[in-house]
Amino acid sequence: MKIIVGLGNPGSDYSETRHNAGRLALEYFAKKNDFPDWKESNKYFSLISEGEIGKKPVLLLLPETFMNNSGKAIAHLKAKSYKLKAELIVLHDDIDLPLGKIKISFGRGSGGHKGVESVIRALKTKDFWRIRIGVSPKNKLPHKKIPDFLTSPMRKPDFETLKKSFKKISEALETMLSKSPEKAMNLFN
């Protein structure tokens, strides 16, 4: 079982924010690949959808916890149901990458991303795959302004740039699932 998690914040107030890049990308992937409608799962504190890519079972997970508590849903999922048989891929925003650029990585630290820190703490490992989605502003922001920047609605041109990256992210996920994560790294990094 492959598990793909789109990090973000639940609720319409955050739907078009940079911090929801992972969540939005996973929603795009689910729609493009005809996954069933999202179902609420109180057990996993998430919205879930199960389907297949290349005859391999895939579980999509959108945590309904806020970003900084993302690990709560993932830890429960890994510990209670799928154990170590699962291969985890986490999609998340990255303020160190230019808007719309993606980078596939494995086993890296959080880079200061609170959602990723929560996942690492919950799993007690950083050994999982990630697709980092660039959300950086054109001009460098003072550190104290970053939280508001990430959780405020995006300007339409920036949101359109971000949405264009979802096709590439979806193709990268399909490659990771049908071939290998390493192959996807070679093609999409």
Side-chain angles (χ1 to χ4, degrees), residues 1-12 14-94 102-106 113 115-116 118-120 122-123 125 127-133 135 162-181 183-185 187-188:
M1 168 76 68
K2 307 279 188 186
I3 302 169
I4 307 173
V5 181
L7 297 188
N9 287 313
S12 59
Y14 299 99
S15 63
E16 293 186 4
T17 65
R18 284 172 166 78
H19 225 18
N20 268 26
R23 189 178 181 97
L24 293 166
L26 190 56
E27 289 171 340
Y28 176 94
F29 174 81
K31 187 173 184 177
K32 181 179 178 284
N33 288 283
D34 297 320
F35 272 68
D37 289 341
W38 297 96
K39 300 182 298 190
E40 192 170 334
S41 171
N42 293 331
K43 184 177 178 182
Y44 300 124
F45 310 102
S46 302
L47 298 176
I48 62 170
S49 182
E50 295 183 71
E52 291 184 346
I53 298 290
K55 299 187 181 180
K56 294 178 184 170
V58 179
L59 175 66
L60 308 181
L61 186 85
L62 297 174
E64 286 288 278
T65 58
F66 281 90
M67 177 68 83
N68 295 359
N69 290 321
S70 298
K72 182 177 181 180
I74 296 168
H76 187 77
L77 181 74
K78 294 276 286 183
K80 300 296 182 197
S81 294
Y82 299 101
K83 304 214 185 263
L84 297 175
K85 296 177 186 167
E87 291 185 40
L88 180 65
I89 303 168
V90 176
L91 311 178
H92 67 87
D93 61 292
D94 190 322
I102 71 167
K103 186 92 172 168
I104 301 168
S105 59
F106 180 84
H113 192 288
V116 175
S118 176
V119 172
I120 291 171
L123 297 177
T125 184
D127 291 339
F128 54 90
W129 287 99
R130 286 189 251 166
I131 297 182
R132 299 161 38 216
I133 306 164
V135 297
L162 181 64
K163 283 183 6 183
K164 287 177 187 173
S165 72
F166 296 162
K167 181 178 184 218
K168 186 176 180 181
I169 293 164
S170 186
E171 291 168 359
L173 283 169
E174 290 165 22
T175 301
M176 291 175 87
L177 296 170
S178 64
K179 295 189 172 111
S180 73
K183 176 81 170 167
M185 285 177 83
L187 291 173
F188 296 97

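Computed from a predicted structure; not experimentally measured. Scope of the values below: all heavy atoms of this structure, side chains included, with no hydrogens, waters or symmetry mates.
When side chains are defined from C-beta on, Ser170 counts as touching Tyr28, because their heavy atoms get closer than 4.5 Å. In this structure the side chain of Met176 reaches within 4.5 angstrom of the side chain of Ile104, judged on heavy atoms. Contact of the Val58 side chain with the Met1 side chain is not registered, since no non-hydrogen atoms from C-beta on lie closer than 4.5 Å. Between Thr17 and Asp93 the shortest side-chain heavy-atom distance does not fall below 4.5 Å. Counting only heavy atoms from C-beta outward, the side chains of Leu7 and Ser70 approach each other to under 4.5 Å. Looking at heavy atoms from C-beta onward, Ile74 lies in side-chain contact with Leu61 at the 4.5 angstrom threshold. Between Leu88 and Trp129, the closest side-chain pair of non-hydrogen atoms is not below 4.5 Å. At least one side-chain heavy atom of Ile133 sits less than 4.5 Å from a side-chain heavy atom of Leu162.
For Glu174 and Lys179, the salt-bridge test fails: no basic side-chain N is under 4.0 Å from an acidic carboxylate O. A salt bridge does not link Glu87 to Lys56: none of the charged nitrogens lies less than 4.0 Å from a carboxylate oxygen.
We find the NZ-CD1 distance between Lys103 and Ile131 to be 12.5 Å, quoted to the nearest 0.5 Å. The distance from atom CG of Leu173 to atom OG of Ser178, rounded to the nearest 0.5 Å, is 10.5 Å. The CD1 atom of Ile53 sits 4.0 Å away from the CZ atom of Phe29 when rounded to the nearest 0.5 Å. Remark: Leu59 CG to Ser46 OG distance equals 8.5 Å, nearest 0.5 Å. For the atom pair CH2 (Trp38) and NZ (Lys31), the distance works out to 13.0 Å, reported to the nearest 0.5 Å. Put simply, NE2 on His113 and CD1 on Ile120 are 10.5 Å apart, with the number rounded to the nearest 0.5 Å.
Of all heavy-atom pairs between Gly71 and Ala122, the closest is O-CB, 3.3 Å. Between Gly6 and Pro63 the shortest heavy-atom distance is O-CD, 3.5 Å. Summarising the geometry of Gly115 relative to Asn68, their closest heavy-atom pair is N-OD1, 4.3 Å, with the distance given to 0.1 Å. Across Ile102 and Ala172, no two heavy atoms sit closer than the pair CD1-CB, 4.3 Å. Between Gly51 and Phe35, the closest heavy-atom pair is N-CE2, 3.2 Å.
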Side chain to side chain contact (heavy atoms under 4.5 Å, CB included) between Glu64 and Phe45, intermediate numbers included
CA-CA 6 Å; Glu64 286 288 278; Phe45 310 102; 5.5 Å; no
Check against side chain to side chain contact (heavy atoms under 4.5 Å, CB included), Lys39 and Ser49
CA-CA 6 Å; Lys39 300 182 298 190; Ser49 182; over 6 Å; no
Run Leu62 and Leu26 through side chain to side chain contact (heavy atoms under 4.5 Å, CB included) and show every step you take.
CA-CA 8 Å; Leu62 297 174; Leu26 190 56; 3.8 Å; yes
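With hydrogens and angles disregarded, no donor-acceptor distance shorter than 3.5 Å links the side chain of Arg23 to the backbone of Val5. Although no hydrogens or angles enter the test, the distance criterion places a donor-acceptor pair under 3.5 Å between the side chain of Asn20 and the main chain of Tyr14. Here the side chain of Thr175 pairs no donor or acceptor atom with the backbone of Ala184 at under 3.5 angstrom. Of the possible polar contacts, none joining the Asp94 side chain to the Arg132 backbone as a donor-acceptor pair under 3.5 Å is found.
Take Glu171 and apply the salt bridge (charged side-chain N to carboxylate O under 4.0 Å, His left out) test, not counting sequence neighbours, and it matches Lys167. By the side-chain hydrogen bond (donor to acceptor under 3.5 Å, both in side chains) test, Arg130 is found to be paired with no residue, residues two or more places apart in sequence or in another chain being considered.
Atom NZ of Lys32 is surrounded by more than 12 heavy atoms from other residues, nucleotides or ligands within 6.0 Å.
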